[in-house]
Amino acid sequence: MDTDEEGDNDWDRSLESDMLETEGSSTDRVTSISQRVILHIDLDCFYAQVEMIRNPALRNKPLGIQQKYLIVTCNYVAREHGVNKLMSVTDAVEKCPQLVLVKGEDLTHYREMSYKVTELLMSYCPLVERLGFDENFMDVTEMVERRLKETCISDLSFNGHVYKHESMAVDEENARLAVGSVIAAEMRQAIFSTLGLTGCAGIANNKLLAKLVAGTFKPNQQTTLLPYSTAELMSSLTGLIKVPGIGYKTREKLKALGLVSVRDLQLYSLADLVREFGEVTAKRIQNLACGIDDSPVTPAGPPQSLSDEDSFKKISTLEEVQKKTEELLTSLTERMHKDGRRPHTFRLTIRQYTVTNRWFSRESRQCPIPNHTGLKITCGSSEAVPQLLGLSMKLFHKMLDTREPFHLTLLNVCFSNLQAKSSSKSSIASFFTQKCPTTTQMTSQQQVSMYDFPYFNVPANVDPYVFSQLPADVQRELLTEWRQQKPVLKIPSKHSHKTSSTRDKKSAAKGSQCNNILKYFKPN
DNA sequence: CGGGGAGCAT
DNA sequence: ATGCTCC
């Protein structure tokens, strides 16, 4: 499909490890090396913190958040009593009989708080990437560069820990990370003072290292990784599964090759690795083992899909399926209505109990949402639910012969292919022809959710709603531009030394498509 | 063994 | 378009 040019991997590796990158901002001092400064911000026991805010009486008590039979997370009081993440409720209560349990299966509050955090961070710097509900990456390179110009190096110091150092003087070499550590502290302070949440931060030259180093001092602390400590950080990992990007399946495959430790993977033959994983993945995971990661911080914008699911011991009759599905559809349709966008695709996913593949293995079927039904969803009409239920049952029959006995353990419903109102195709021009509610037209009764704009600081001549409906990468482009107040539209050039990943190429294509449109958002 | 959401391979 | 893999 998308074959990377040979040899650019070697380029990347020397680039990362020798710090000779020349692309990017060309305006800095000659001695300064243009490396990225990446923050990873990781909220402490996120669900537990949200519940302690909702009910402050829980603050001093051992608290566990329960989903089904699991403690998915717990506060630090509970941890002192030996309770841990992903412990069974039985084990946890055994360890700590006074443990207070709060059900955390409804994610609404967590989702809302999660987006508030992302939103807050975006108000400082648009390059924010979410990872799950409780982690955010930021690329603060430009912010660092700007501050460095106004700051004397002798006035700088690191905020928080520096990995494997008691203290560290700031010099020309590490000044950018030092500024990053100051920014990280400001972000954590902002999150705490406006939302009441604590968290950790990691500061490093790429996402992988920022995430890894963030976990070295917990909770509510931050750590900076200097480039020359990279090898030490990587070899401190106790197994390959600890490398973000290497999950269960990959670990098992590597184990079959005799690779268990990070060092094993670093030293293994790339050619052999390619045979097992293919070119792209082989290079990626071996680079990860070396602490090398050139993946960009990619703002996600509003979610591309909304889904709702429930799991259970057993469902084995059509009636039960209908009832559960209807419940899921009802809440999902409400969420969809608040979002304001219109879904064009519907997907039903199930998990069947089988003796062998008992844990995972989901199966799904999807179909277009009929025009009238889509409209009813966005309008919040309750008629949409029975219509969707009809679709669901059709899809269900495609997956399962319901004349045979069945045993489901999970149902999931999902709206995707979300488009900004109007039934016309995804034509970007439709952003300008459609009628949009403006801020003043919104009734106070309408929930102001994440995507409702107050967090986008758009110029006065731009309709914030229209802006909020633009594709995420276009939003990013514009935000970056407005912040810099300097009309430079970034178009990926051949001279860029970054590898052209699939994603880069996609967004490049999209970006150039949008160029004509973007000019409508610019002053003049 | 929870409840999402995203990217990639096929 | 669907499954796999990741967090």
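No experiment lies behind these values; they were computed from the predicted model shown. Just so we're on the same page: letters track the sequence lines, and every chain starts at 1.
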Phosphate oxygens OP1/OP2 of [N]: is one of them under 4.0 Å from a side-chain N or O of [X]?
X	N	value
Ser307(A)	dG4(B)	no
Ser88(A)	dC1(B)	no
Gln67(A)	dG4(B)	no
Thr281(A)	dC8(B)	no

Exercise for the section: Would you check if the side chain of Arg188(A) reaches a backbone N or O of Thr198(A) as a donor-acceptor pair within less than 3.5 Å? Expected result: no
Practice task
Answer yes or no: is there a donor N or O on one side and an acceptor on the other, between the side chain of Thr325(A) and the main chain of Val321(A), under 3.5 Å?
Solution key: yes
Completion exercise
Residue pair Gly132(A)/Arg284(A) against DNA chain B: nearer the 5' end by closest nucleotide is Gly132(A)
Fill in the blank from the handout: By nearest-heavy-atom nucleotide on DNA chain B, the more 5' of Ser305(A) and Phe312(A) is Phe312(A)
Problem - Separation between NZ of Lys207(A) and CG of Leu212(A), rounded to the nearest 0.5 Å - result: 13.0 Å
Handout entry: 5' to 3' contact window, DNA chain C with chain A (heavy-atom distance under 4.0 Å)
Key = dT2(C) to dC7(C)
Nucleotide nearest [X] (side chain, heavy atoms from C-beta), chosen from [options]:
X	options	answer
Arg335(A)	dG2(B), dA6(B), dG4(B)	dG4(B)
Asp308(A)	dG2(B), dG4(B), dG5(B)	dG4(B)
Arg111(A)	dG3(B), dG4(B), dA6(B)	dG4(B)

Answer with base, sugar-phosphate or nothing: what part of the nucleic acid does [X] contact at a heavy-atom distance below 4.0 Å?
X	result
Lys211(A)	sugar-phosphate
Arg365(A)	sugar-phosphate
Gln304(A)	sugar-phosphate
Gly245(A)	sugar-phosphate
Val89(A)	nothing

Length of the [atom1]-[atom2] vector between [X] and [N], whole Å:
X	N	atom1	atom2	value
Leu107(A)	dG5(B)	CG	P	8 Å
Asp134(A)	dA6(B)	CG	C1'	15 Å
Asn412(A)	dG4(B)	CG	P	8 Å
Tyr69(A)	dG2(B)	OH	C1'	12 Å
Arg362(A)	dG5(B)	CZ	P	11 Å
Glu135(A)	dG5(B)	CD	P	16 Å
Phe133(A)	dG4(B)	CZ	C1'	6 Å
Asn136(A)	dG5(B)	CG	P	15 Å

Exercise for the section: Hey, can you tell me if His161(A) and Phe217(A) have their rings parallel, tilted or perpendicular (30° and 60° cut-offs)? Expected result: parallel
Practice task
May I have the step-by-step check of salt bridge (charged side-chain N to carboxylate O under 4.0 Å, His left out) for Lys249(A) and Glu252(A), ending in yes or no?
Solution key: CA-CA 5 Å; Lys249(A) 292 284 187 184; Glu252(A) 294 305 304; over 6 Å; no
Practice task
Determine whether the side chains of Arg347(A) and Asn417(A) contain a donor N or O and an acceptor N or O closer than 3.5 Å.
Solution key: no
Exercise for the section: Inspect the surroundings of CZ in Arg251(A) and state if more than 12 heavy atoms from other residues, nucleotides or ligands are less than 6.0 Å away. Expected result: yes
Practice task
Not counting sequence neighbours, list each pair that qualifies as a salt bridge (charged side-chain N to carboxylate O under 4.0 Å, His left out) and has a residue in residues 77-97 of chain A.
Solution key: none
